[in-house]
Amino acid sequence: MTRVDFYHLTKTPLEQVLPKLCEKAYLTKKKIKILIGTEERVDFINSLLWTYNDESFLPHGSKKDGFIKEQPIFISSEIENENNAEIIILADGGYIESDALNNYERILNIFDGNNDEALNKAREYWKDIKSLGFELHYWQQKNDGSFEQKV
């Protein structure tokens, strides 16, 4: 069954959390898709993953980089699973319909708890997914920026 994890940001911005979650997901040796809400943000996230840490390397790309099917981490604003990813990270307004959740082994939904619209969308998404019987996990950011699983 597909596992869905919600990451509730309260202290640290997406730009600091996303690379760390990508690193952890990349260690699983599974292909990853990062679904972003807009094409402009795709370019930003693509650049961010090249520059966030001089001592780290995450192989990734977007449509502009080519080799879509070979990308271990593919960043896009399009819903299709272009690189046959097993893990999808939803961020910055990225969203897939609940009937497409089974196309992935794992979904990471990162949302900004300081943004009322993002928070309300995450709550609605949680209710929708829960009603379908998916395995759900909720992680809330602590004051130090780490995450604590809430029950």
Side-chain angles (χ1 to χ4, degrees), residues 1-65 71-79 81-83 85-98 100-101 103-130 132 134-151:
M1 167 159 289
T2 300
R3 174 179 167 150
V4 184
D5 291 87
F6 282 73
Y7 287 87
H8 184 164
L9 304 181
T10 57
K11 301 294 178 192
T12 309
L14 176 70
E15 293 80 6
Q16 292 178 5
V17 173
L18 180 62
K20 291 176 184 174
L21 287 176
C22 285
E23 286 176 344
K24 288 181 180 182
Y26 182 67
L27 291 174
T28 68
K29 308 249 189 268
K30 296 181 186 272
K31 283 193 169 187
I32 302 159
K33 172 166 180 165
I34 302 173
L35 181 60
I36 303 295
T38 66
E39 196 60 35
E40 296 78 25
R41 289 294 284 177
V42 167
D43 291 338
F44 173 79
I45 297 298
N46 195 5
S47 177
L48 170 72
L49 292 182
W50 287 124
T51 60
Y52 76 97
N53 183 342
D54 291 338
E55 298 175 12
S56 184
F57 174 72
L58 281 173
H60 69 279
S62 69
K63 186 170 29 176
K64 292 179 182 177
D65 300 311
Q71 295 289 354
I73 301 173
F74 184 68
I75 308 159
S76 177
S77 63
E78 298 175 15
I79 295 170
N81 187 358
E82 302 96 326
N83 69 331
E86 294 115 322
I87 299 171
I88 187 167
I89 299 173
L90 308 173
D92 258 358
Y95 172 83
I96 58 172
E97 295 292 333
S98 54
L101 296 174
N103 296 335
Y104 300 93
E105 292 176 17
R106 187 132 183 228
I107 291 98
L108 310 178
N109 183 26
I110 307 169
F111 65 96
D112 183 354
N114 298 308
N115 177 314
D116 288 338
E117 182 180 348
L119 184 60
N120 289 330
K121 282 184 180 180
R123 286 177 176 151
E124 289 301 315
Y125 201 37
W126 174 277
K127 288 177 191 173
D128 184 31
I129 294 170
K130 185 175 184 178
L132 297 172
F134 284 93
E135 179 185 348
L136 289 168
H137 298 268
Y138 173 74
W139 302 87
Q140 187 170 29
Q141 205 167 37
K142 299 190 304 187
N143 286 335
D144 66 2
S146 65
F147 286 92
E148 176 179 39
Q149 187 170 7
K150 300 285 186 167
V151 180

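Given the structure is predicted, the values throughout are model-derived calculations rather than measurements.
- Taken from CG in Leu108 to CD1 in Ile88, the straight-line distance is 9.5 Å, to the nearest 0.5 Å.
- Taking CG from Leu49 and CZ from Phe57, the interatomic distance works out to 11.0 Å, rounded to the nearest 0.5 Å.
- In plain terms, the two heavy atoms of Glu78 and Lys63 that are nearest each other are OE2-NZ, 2.5 Å.
- Taking every heavy atom of both residues into account, Asp144 and Ser146 meet most closely at OD1-OG, 2.6 Å.
- For the pair Ile79/Ile96, a side-chain contact is recorded, criterion being any heavy-atom separation below 4.5 Å from C-beta on.
- Taking all atoms of both residues into account, the shortest heavy-atom contact from Thr2 to Ile107 is CG2-CD1, 3.1 Å.
- The OG atom of Ser77 lies 12.5 Å from the CZ atom of Arg41; values are rounded to the nearest 0.5 Å.
- Minimum heavy-atom separation, Glu15 to Leu48: O-CD2, 3.7 Å.
- Between the OG1 atom in Thr28 and the CD1 atom in Ile87 there is a gap of 3.5 Å [rounded to 0.5 Å].
- If you look at Phe111 and His8, their ring centroids are closer than 6.0 Å.
- Interatomic distance, Asn81 CG to Asn83 CG, rounded to the nearest 0.5 Å: 6.0 Å.
- A tilted orientation is assigned to the rings of His60 and Trp50, their planes being inclined by 30° to 60°.
- Residues Asn46 and Gly61 approach most closely at OD1-CA, 4.0 Å, considering heavy atoms.
- When all heavy atoms are compared, the tightest approach of Tyr26 to Ile32 is N-CD1, 3.5 Å.
- Between the side chain of Ser98 and the backbone N or O of Ile129, no donor-acceptor pair lies under 3.5 Å.
- In this structure, Trp139 and Tyr7 have parallel ring planes: the angle between them is below the 30° cut-off, well short of the 60° mark.
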For this session: Apply side-chain hydrogen bond (donor to acceptor under 3.5 Å, both in side chains) to Gln140 and Thr10, showing your working.
Result: CA-CA 8 Å; Gln140 187 170 29; Thr10 57; 5.5 Å; no
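- Under a cut-off of 6.0 angstrom, the local environment of CD in Gln149 is crowded, with over 12 non-hydrogen atoms contributed by other residues, nucleotides or ligands.
- Between Asp112 and Leu14, every side-chain heavy-atom pair lies at or beyond the 4.5 Å cut-off.
- Salt bridge annotation for Lys127-Glu124: present, with a cationic side-chain nitrogen under 4.0 angstrom from a carboxylate oxygen.
- By the 4.5 Å heavy-atom criterion applied to side chains, Ile34 and Ile73 are counted as neighbours.
- In this structure, the side chains of Phe44 and Ile36 stay at 4.5 Å or more apart for every pair of heavy atoms.
- With hydrogens and angles ignored, the 3.5 Å screen pairs no side-chain donor or acceptor of Asn120 with any backbone N or O of Glu117.
- Here the OG1-CZ distance, from Thr12 to Phe147, works out to 7.0 Å after rounding to the nearest 0.5 Å.
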Problem set entry | Working for side-chain contact (heavy atoms from CB on, under 4.5 Å), residues Val4 and Tyr125 | CA-CA 11 Å; Val4 184; Tyr125 201 37; 5.7 Å; no
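- Checked against side chain to side chain donor-acceptor pair (under 3.5 Å), Arg123 has no partners two or more places apart in sequence or in another chain.
- With sequence neighbours left out, Glu135 forms a salt bridge (charged side-chain N to carboxylate O under 4.0 Å, His left out) with no residue at all.
- Not counting sequence neighbours, Trp126 has no partner by the side chain to side chain donor-acceptor pair (under 3.5 Å) test.
- Side-chain contact check for Lys11 versus Lys142: every heavy-atom pair is 4.5 Å or farther apart.
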